[in-house]
Amino acid sequence: MPVDLQNPLSFKNATGDADTMLQNLQANILKGHVREHLHILLLQFGQGAEGTAEARAFLTGLAPLVKSAKAHLQEVKAFKENGPNDASDVPYVGVGLTFAGYGRLELADRAPSDEAFKRGMQDDATRQKLGDPEVAQWEAGFQEAIHAVVLVGGAEAGSVTTKLQEVEGLLTGSIRVLGREEGRGMHNANHDGIEHFGYVDGRSQPLFLTEDLEEERRRTDGISVWNPAQPLERVLVADPAAPDPATDFGSYFVLRKLEQNVRAFRQAEEALADALKLENDDRERAGAMLVGRFKDGTPLTLQATPGAHGPVMNNFTYDSDKDAHKCPYQAHIRKTNPRGSGGFGQPPEAERRHLMARRGQTYGERTEGDLPETGVGLLFMAFNSDLNKQFEFTQHTWANNPGFPQPEKQDDPDPGLDQVIGQGDRPPATWPKVWGGEEGQEVPAMAQAVTMKGGEYFFMPSLPFLRGL
Ligand code: HEM
């Protein structure tokens, strides 16, 4: 039976083509793999016949190290049933190719066909669409022609470093390492993963496995109001260069290095609290209005104060907050997932198809209490089946678009840019003075605190493709 791409999948009950698909798919796509310690290598293959041969040999040599989705899911199952075991600490290795990378492999004619993937992130049309800085302003490694990316991630620094060395041992003379990135998980006192501005991250995700949906139903506030289920087709793409596209799948992978100016963001939180004359505990609401959740993850549309962090709530929409008197339209999570309230004639089901599987990790060292302006941020990573409809749509048509979402009352002012990731001219925005109150106040825009330092689009191919090169 062909793989059912129209629904989520039960990996425990997968048989036939669906089981083969899991064996042939890279891990970290359908379900995030632990990447507390993460290394990223940006690679360029050499020219000519020798470059092609060495690139192919590198990828076939890498194939046995690349973890399959099936191996990963079995490890997770064993861990849940019996606790830590020998496999719990086996790092994940993942690999992706750019369109230019397929060219160096002499496979451009069989490369995945997504238009944005073919353009790449350095392309002027892509940069203009996304509002990204000139390539000359990006970090050095990202300015070059990138052909491949390798990710090595896991729970423990030691085993991840050993695995990275194994990968590096496969590199031969014509393959250049253009850049290296290192990610490291950050946590709050509640052990939740956070990003550099201090907010719980990675909470709201599309879920592709029925086992993950069941867990969400049992262990969180549920899925009755916001159902995170998504069909496999939202993330899987038949691998056109693999032996059997009916069982061999891959996914488009977005990588963006996003520097966070922590001092600027803190100043913006304070400035907004001052402008609205928020006092005492209510001052925390300023930051929550920028993000859409309090630092501990409590959704602002549900509560005026933090405290709902065990488990972090995700079972909500903006239905009871249509006028955005609780969570402003311009808050990051409302801009990037309006949960059916965006307007512009898009019914909730159509809106859901823009969501993507986020797999980001924080980077950069800091000491407690400091407020770095540079050198720290988010290695934004996400899997998509359609870059134009998912990542690019979210950044361009939602985050960077001052007119989105459509305010409930026609005369209400435009929301303005996404307060975290919006790129472009920043018009002033209007904010509720009191949580749930009607009175809004216009405040001059805060400075942009997130700066794109480079990135690229990749395709993470199937294992049979890598083995067969
Ligand atoms: C959610 C921070 C970049 C899309 C979140 C959350 C935080 C956050 C704190 C709330 C946790 C959660 O709901 O999972 C950041 C920071 C970024 C960044 C600090 C940059 C430095 C991006 C980018 C995109 C994006 C580039 C896409 C273009 C999303 C989406 C959600 C989210 C879709 C989930 C919204 C929901 O389903 O309610 N982000 N983010 N983020 N972010 Fe970001």
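Quantities reported herein were computed from a predicted structural model and do not represent experimental measurements. Every number for a ligand or one of its atoms is a count from 1 in the order of the listing.
- Between L9 and the choices T210, L22, V3, the side-chain contact (heavy atoms from CB on, under 4.5 Å) rule is met once, by L22.
- Counting protein heavy atoms only, atom 11 (C) of ligand 1 is closest to V200 O, 3.3 Å.
- Looking from atom 37 (O) of ligand 1 to the surrounding protein, the closest heavy atom is S204 OG, 2.5 Å.
- Nearest approach of P405 to S341, heavy atoms of both residues: CB-O, 4.2 Å.
- Under the 6.0 Å distance and 45° angle rule, R339 counts as a cation-pi partner of F316.
- Taking every heavy atom of Q260 and a limit of under 4.0 angstrom, the matching atoms of ligand 1 come to 19 (C), 21 (C).
- For atom 14 (O) of ligand 1, the closest non-hydrogen atom of the protein is R203 N, 2.6 Å.
- One side chain, Y457 or E392, offers a donor N or O that lies under 3.5 Å from an acceptor on the other.
- Heavy atoms of R339 found under 4.0 angstrom from ligand 1 belong exclusively to the side chain.
- Contact check on R263 versus E373 returns a salt bridge, with a Lys/Arg side-chain nitrogen under 4.0 Å from an Asp/Glu carboxylate oxygen.
- Using a 4.0 angstrom heavy-atom cutoff, G377 does not count as in contact with ligand 1.
- A donor-acceptor distance shorter than 3.5 angstrom exists from the side chain of R283 to the backbone of L278, with no hydrogens or angles considered.
- The closest side-chain donor-acceptor pair between H33 and Q26, if any, does not fall under 3.5 angstrom.
- Side chains of R217 and N315: no donor on one and acceptor on the other come within 3.5 Å.
- Residue-ligand proximity, F391 to ligand 1, at heavy-atom distances under 4.0 Å covers atoms 28 (C).
- No side-chain N or O of N188 forms a donor-acceptor pair with one of N190 less than 3.5 Å apart.
- Inclusion of Q395 in the set of residues having an N or O under 3.5 Å from an N or O of ligand 1 is not warranted.
- Residue-ligand proximity: M356 is placed with a non-hydrogen atom under 4.0 Å from ligand 1.
- At a heavy-atom cutoff of 4.0 Å, ligand 1 is contacted by the side chain of R293 but not by its backbone.
- Residue Y199 has at least one heavy-atom neighbour below 4.0 Å for each of these atoms of ligand 1: 9 (C).
- Figure legend: K257 and F142 shown without cation-pi pairing, the cationic atom not lying both under 6.0 angstrom from the six-membered ring centre and within 45 degrees of its axis.
- Within the protein, the N, O or S atoms sitting under 2.8 Å from atom 43 (Fe) of ligand 1 are H332 NE2.
- Smallest separation of non-hydrogen atoms from F265 and Q419: CE1-O, 4.5 Å.
- Ring pair F391/F380 is tilted by interplanar angle, where 30° to 60° counts as tilted.
- Of the protein's non-hydrogen atoms, N337 CB, 3.7 Å is the one closest to atom 35 (C) of ligand 1.
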